[in-house]
**Q** 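The structure that follows is given in the form of structure tokens.
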Amino acid sequence: MAVDIPTVKKIASLARIAITEAEAARIAPELDNIMGWIEQLGEVDTTGVAPMTAVIPNHLRLRADVVNADPLTGGGIRDAVLANAPQAEHGFFTVPKVIE
């Protein structure tokens, strides 16, 4: 795909970028080269290559999802917290409806 000056101007218009005729003429060959590199990437044989999201393996470190019952470090104090709420219902804070 050849990128010409009208195409560059259309892309700039869609991106809401103001460019001059000289800038469009300078950018057109650069975008054409980029499109060429993308076409080269499409020619690479990737059969048998698993998709990846990073170059190094990332493993999420998960902790057990348990409530800490120690009142000094958190958890197990729901009733004490809700005692400060202006309104509470069924063990939760009650807030006014914002969207009708």
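Because the structure is predicted, anything quoted here is derived from the model rather than measured. When a residue number appears, it is its place in the shown sequence, counting from 1.
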**Q** Do you know the tightest heavy-atom contact between L31 and V3?
**A**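 So the minimum-distance heavy-atom pair works out to CB-CG1, 3.9 Å.
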
**Q** I need the minimum non-hydrogen distance between V81 and F93, along with the two atoms involved.
**A**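 So the two residues come closest at CG1-CZ, 3.8 Å.
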
**Q** Taking all atoms of both residues into account, what is the closest heavy-atom pair of T94 and A88, and its distance?
**A**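 What the structure gives for the nearest pair is OG1-C, 3.5 Å.
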
**Q** V8 and I17: same hydrophobic cluster, using ILVMFWY side-chain contacts below 4.5 Å?
**A**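 V8 and I17: one cluster.
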
**Q** For residues 21-30, run the donor-acceptor check on the side chains, cut-off 3.5 Å, and write out each pair with its distance to 0.1 Å, sequence neighbours left out.
**A**
from: E21; atom 1: OE1; to: K9; atom 2: NZ; distance (Å): 2.7
from: E23; atom 1: OE1; to: T20; atom 2: N; distance (Å): 2.8

**Q** Is there a path from I11 to I38 through hydrophobic residues (I, L, V, M, F, W, Y) whose side chains come within less than 4.5 Å of each other?
**A**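 Linked within one cluster.
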
**Q** If Ile, Leu, Val, Met, Phe, Trp and Tyr residues are connected whenever their side-chain heavy atoms lie under 4.5 Å apart, and connections chain through other members, are I56 and M52 in the same group?
**A**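 Result: yes, single cluster for both.
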
**Q** Please list all pairs passing the side-chain hydrogen bond (donor to acceptor under 3.5 Å, both in side chains) test where one or both residues lie in residues 42-57, with sequence neighbours left out.
**A**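 side-chain hydrogen bond (donor to acceptor under 3.5 Å, both in side chains) check on residues 42-57 returns D45-T47.
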
**Q** Could you state whether I34 and L14 fall into the same hydrophobic cluster, counting links through intermediate Ile, Leu, Val, Met, Phe, Trp or Tyr residues with side-chain heavy atoms under 4.5 angstrom apart?
**A**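 No: no chain of side-chain contacts under 4.5 Å links I34 to L14.
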
